[in-house]
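Data first, discussion second: the structure below is written as structure tokens.
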2 protein chains.
Amino acid sequence: MTVAGTQTPRERYRAQLRAEIKQRAWEQIATAGAPGLSLNAIAKQMGMSGPALYRYFAGRDELITELIRDAYRSLADALRTAAASGADLAGLGHTLRAWALEDPQRYFLVYGTPVPGYEAPEDTLVIASEIMNVLLDAAQPPGTAASTPPDGHPDTRLEAHLAQHRQWAADHPAAPAALRRALRFWTRLHGILSLELAGHFTGMGLDPAELYDSELRHLSQ
Amino acid sequence: MTVAGTQTPRERYRAQLRAEIKQRAWEQIATAGAPGLSLNAIAKQMGMSGPALYRYFAGRDELITELIRDAYRSLADALRTAAASGADLAGLGHTLRAWALEDPQRYFLVYGTPVPGYEAPEDTLVIASEIMNVLLDAAQPPGTAASTPPDGHPDTRLEAHLAQHRQWAADHPAAPAALRRALRFWTRLHGILSLELAGHFTGMGLDPAELYDSELRHLSQ
DNA sequence: CGCTTACGTTAGAAGTTATAACTGGCCGCT
DNA sequence: AGCGGCCAGTTATAACTTCTAACGTAAGCG
């Protein structure tokens, strides 16, 4: 939040205004979703008229890109902090769900429906791999060491594939079994979480937390 | 597709034009996503000017709702047809993925990011439960009968919850274990599928089909 | 203290959804 | 067969949107 010392008043003001714009953008997104975000409305809220915002963001797309970047960062930070506090895989799972429920539309900004033309900027890929690294750290249990752990379902075919395609974990020494565990953690929890946030369980009378916890229990058996 | 006999020419024409509008809408959605759908553009494509479309759809929202309904129907039909052809749970899994890959944006229309304000019409709930019924049919293996099958992970806590909250399967005699299997099938495959369609695996060098098949193998061990 | 920079303004173009009012032609009924 | 009503599609308009361009003003920098 606080910034480095040497900074001209103009830069100060500029950073402050950019932050306020983003904050209002988040409020709009939380209530109306990403497609409901309107630069004009934000400008009016801030007491200035329309095109003024273009001094601070090149356009709607750049603002949204910035928000996506921040969302990614926020998730990576949340997970990294939890891991630093000694959270295991289950703990990370709870952190993930808490982060998602805190602002569902923020979750969807990262993991939701993509716009066909949109290309994610380079640095989100970096953050994504940061996230995977946190998961990989937790996926190889520090206590339960050794090569063939009392693990649920080895699936040699998948692990063979993962052993050959591990660019995404190039800078992490995790074994194929850990890769598999981290990946499963991600895809399975995302499956439940995204359906929950989209409201697909509400009409069914199910408690999403129950499903989520069950999956989590199973994941870190 | 073909319609009942007694139908005035006007109704014929009307139905035909509605169909053409929807078809063009699908094309737009496939290339630009749901937010990129423009009634005006469709009208221009069809050689008529703007507000003419309002004769056929009350507005953009109604058109999209109609498309969502059709997408739901299409998925339910695909799964029901596969099941009728003797597909087991794994077969339904492949049907689901094929249906999703056929038109990713159609999948997202059903299972993607929801617009906060939007309320799904009643009949999509009916279709959703149709889908769950197909899954439930396949989730209680016809060969593998009995009460305590050689099933992977019972999780009595989850099954207790499912036994008490089964409104969504009220008209299906499936046992809690089958409910659990159908639900897991849905949430886990959706997890992988939605991440694949959103392109989250492409930058990682992973083959989504490999992940999907592995999960499928594990699901119907 | 003056000059430059950049901030915010208004004007306007090109879109969008959606409503209102009007016209022309087709359909159906007598 | 012919007339009348309904309905499709039109243009005009309002209220939005993003975004560009040109312009003044004021604030900060040297």
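Numbers restart at 1 for each chain; the letters A, B, ... are given by sequence-line order, proteins then strands.
Donor-acceptor pairing under 3.5 Å is lacking for the side chains of A:Arg180 and B:Ser214. In the model, B:Ser129 has no side-chain atom that pairs as donor or acceptor with a side-chain atom of B:Trp168 under 3.5 Å. A:Tyr107 and A:Ser194 share no donor-acceptor pair across their side chains, judged by distance under 3.5 Å alone. Side-chain contact, A:Gln23 with A:Glu27: a donor N or O sits under 3.5 Å from an acceptor N or O.
A:Tyr54 is linked by a side chain to side chain donor-acceptor pair (under 3.5 Å) to nothing, counting only residues two or more places apart in sequence or in another chain. Under the side chain to side chain donor-acceptor pair (under 3.5 Å) criterion, A:Glu210 pairs with B:Arg157, sequence neighbours left out. In this structure, B:Arg55 has no side chain to side chain donor-acceptor pair (under 3.5 Å) partners at least two apart in sequence or on a different chain. Annotation: ring pair (Phe, Tyr, Trp, His ring centres under 6.0 Å) contacts of A:His172 (sequence neighbours excluded): none. Residues satisfying the ring pair (Phe, Tyr, Trp, His ring centres under 6.0 Å) test with A:His94, not counting sequence neighbours, are none.
Mapped onto DNA chain C by nearest heavy atom, B:Asp61 and B:Arg55 fall at different nucleotides, with B:Asp61 at the one closer to the 5' end.
Counting to the nearest Å, the P atom of C:dA6 and the CD atom of A:Glu11 are 10 Å from each other. For the pair B:Gln28 CD and C:dG15 P, the interatomic distance rounds to 14 Å; values are reported in whole Å. A:Leu53 has its CG atom 18 Å from the P atom of C:dA6, to the nearest Å.
Running 5' to 3' along DNA chain D, contacts with non-hydrogen atoms of chain A at under 4.0 Å begin and end at D:dT17 to D:dC29.
A heavy-atom distance below 4.0 Å to DNA chain C is reached by none of the residues of residues 33-40 of chain A. Residues from residues 41-52 of chain A that place a heavy atom under 4.0 Å from any atom of DNA chain C, listed by number: A:Gly47, A:Met48, A:Ser49, A:Pro51, A:Ala52.
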Exercise answer: donor-acceptor pairs, residues 35-48 of chain B side-chain atoms, under 3.5 Å, sequence neighbours excluded:
| unit_1 | atom_1 | unit_2 | atom_2 | d |
| --- | --- | --- | --- | --- |
| B:Ser38 | OG | B:Asn40 | N | 3.4 |
| B:Ser38 | OG | B:Ala41 | N | 3.0 |

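The pair A:Arg69-A:Glu66 meets the salt-bridge criterion, with a side-chain N (NZ, NE, NH1 or NH2) lying under 4.0 Å from an Asp/Glu carboxylate O.
Among residues at least two apart or in separate chains, salt bridge (charged side-chain N to carboxylate O under 4.0 Å, His left out) pairs with a member in residues 190-209 of chain A are A:Arg97-A:Glu196. Sequence neighbours left out, the pairs with a member in residues 196-215 of chain B that pass ring-ring contact (aromatic ring centres under 6.0 Å, His included) are A:Tyr111-B:His200, A:Trp186-B:Phe201.
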**Study point:** Sequence-aligned protein contact record of nucleotides 25-30 of chain C, with B where the base is within under 4.0 Å of a protein heavy atom and S where only the sugar-phosphate is
**Key:** BBSS--
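Counting non-hydrogen atoms under 4.0 angstrom, A:Phe57 reaches nothing in the nucleic acid. Within the nucleic acid shown, A:Arg60 comes within 4.0 Å of sugar-phosphate atoms alone, with no base atom in reach, counting heavy atoms only.
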